2 protein chains.
Amino acid sequence: MTAPSLNVLSQHCPSHRVLEMVTGKWSVLVLYALRGRTLRYSELEGTIGGISQKMLTQTLRELERNGLVERTAYPVVPPRTEYRLSPLGESLNRIVTDLGLWAQDHMPAVLAARQDYDRRHSK
Amino acid sequence: MTAPSLNVLSQHCPSHRVLEMVTGKWSVLVLYALRGRTLRYSELEGTIGGISQKMLTQTLRELERNGLVERTAYPVVPPRTEYRLSPLGESLNRIVTDLGLWAQDHMPAVLAARQDYDRRHSK
DNA sequence: CTGCATCCGCGATGATACTG
DNA sequence: CAGTATCATCGCGGATGCAG
């Protein structure tokens with residue numbers, strides 16, 4: 001049982017801020033891409049469709065700051081920087097994976113519901 | 001096994017759009033609040049901290065459009081409108097619950113990592 | 001290659017007032 | 001009670017240029 005004082009729905013509860021980490025536009029995608037593997041900066045950029053350099057860097061910094069991602073920079077030329085999930089980040093692995101699977105599995109149902117809704121509200 | 005063509009990381013894949021549904025700022029909180037129970041509009045407003053009428057209505061409409069939430073309006077005075085998760089919405093129940101639990105359980109670790117990061121990058 | 005700095009447009013969001 | 005309408009703003013996020 002979780003203490004009642006820990007309420008993610010309360011905007012002042014710290015756990016609420018923690019949840020904001022995941023609700024970012026790109027955070028989940030980065031976490032998803034890094035599951036169980038190490039990727040270089042450019043590999044992440046290529047793997048995640050439509051992300052800009054700025055947002056990728058910004059998201060990685062935020063995830064690193066929150067202890068979900070570990071960064072390793074090799075002082076060579078050309079530079080080589082690798083990113084991987086920390087143990088804390090890996091603890092989100094199952095949830096992120098499930099979320100991705102849910103999105104794929106229920107995509108048809110969502111699209112159908114959307115068409116249905118739009119049709120019923122257009123006339 | 002999921003077909004390779006279904007890739008949430010690809011911005012053009014429909015499942016990517018489905019994922020965006022959940023990454024909204026308020027969507028997860030509404031889904032979390034509605035798990036296994038029916039709530040009135042004003043109850044949702046009171047339950048979710050810091051949400052404005054506009055955002056609550058907008059989020060509910062979006063969730064309804066995507067088939068995750070069912071709306072029932074009773075034509076009485078004063079008006080009474082109830083919201084609950086559809087079967088499709090309930091299929092997200094476990095994931096949303098796990099996400100909330102994760103946020104609460106790992107909140108200390110995240111806060112610690114944050115302090116650590118800030119301290120190491122301030123000097 | 002891996003970033004950081006800067007500018008800037010626009011959409012998401014919030015506050016407020018009003019309605020059935 | 002359960003919204004809708006309008007307006008103001010604020011920060012996200014894209015584009016570009018530059019550095020180590």
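Lettering of chains follows the sequences in order, A, B, ..., and the numbering in each one begins at 1. Predicted model, so just to flag it, every value in this text is computed and none were measured.
Side-chain atoms of A:Thr72 and A:Tyr83 include no donor-acceptor pair closer than 3.5 Å. Inspection of the B:Asp118 and B:Gln115 side chains reveals no N or O donor paired with an N or O acceptor under 3.5 Å. Between B:Thr81 and B:Arg71, the side chains place no donor N or O within less than 3.5 Å of an acceptor N or O (distance only, hydrogens not considered).
The residue among A:Ser52 and B:Thr81 whose nearest nucleotide of DNA chain D is located toward the 5' end is B:Thr81.
Between A:Pro87 and A:Glu70, some side-chain heavy-atom pair lies under the 4.5 Å cut-off. The shortest distance between side-chain heavy atoms of B:His16 and A:Leu29 falls below 4.5 Å. At least one side-chain heavy atom of B:Leu99 sits under 4.5 Å from a side-chain heavy atom of A:Leu19.
Residues B:Val69 and A:Leu111 fall within the same hydrophobic cluster, defined by Ile, Leu, Val, Met, Phe, Trp and Tyr side chains chained together at heavy-atom separations under 4.5 Å. Two different hydrophobic clusters hold B:Val110 and B:Tyr117 under the rule that ILVMFWY side chains link at heavy-atom gaps under 4.5 Å.
Following rounding to the nearest Å, B:Ile51 (CD1) and C:dA15 (P) show an atom-to-atom distance of 12 Å. The distance between atom CG of A:Leu39 and atom C1' of C:dT2, rounded to the nearest whole Å, is 15 Å. One can place CD of A:Glu45 at 9 Å from P of C:dC1, the figure rounded to the nearest angstrom.
Taking five base pairs at each end of the helix from C:dC1-D:dG20 to C:dG20-D:dC1 and finding the rotation axis that steps the C1' atoms of four pairs onto the next four gives two axes whose angle is 50°, to the nearest 10°.
OP1 or OP2 of C:dG14 has at least one side-chain nitrogen or oxygen of B:Lys25 nearer than 4.0 Å. Note on A:Arg40: every side-chain N or O is 4.0 Å or more away from OP1 and OP2 of C:dC1.
Nucleic acid contact class of A:Gln53 (heavy atoms, under 4.0 Å, all strands): base. No contact: A:Tyr74 has no heavy atom under 4.0 Å from any strand.
A heavy atom lying under 4.0 Å from DNA chain C marks the following residues of residues 54-71 of chain A, by number: A:Lys54, A:Thr57, A:Arg61, A:Arg71.
Checked against C:dG20, C:dC1, C:dG3, the side chain of B:Pro79 finds its nearest nucleotide in C:dG20.
Ion pairing of B:Asp116 with B:Arg120 is present here, as a side-chain N (NZ or NE/NH1/NH2) and a carboxylate O approach within less than 4.0 Å. A salt bridge links A:Glu82 to A:Arg80: at least one charged side-chain nitrogen sits closer than 4.0 Å to a carboxylate oxygen.
Separation of atoms CD1 (B:Ile95) and CH2 (A:Trp102) is listed at 7.5 Å; rounding is to 0.5 Å.
Where DNA chain D meets chain A (any atom under 4.0 Å from a heavy atom), the bounding nucleotides read 5' to 3' are D:dG13 to D:dG20.
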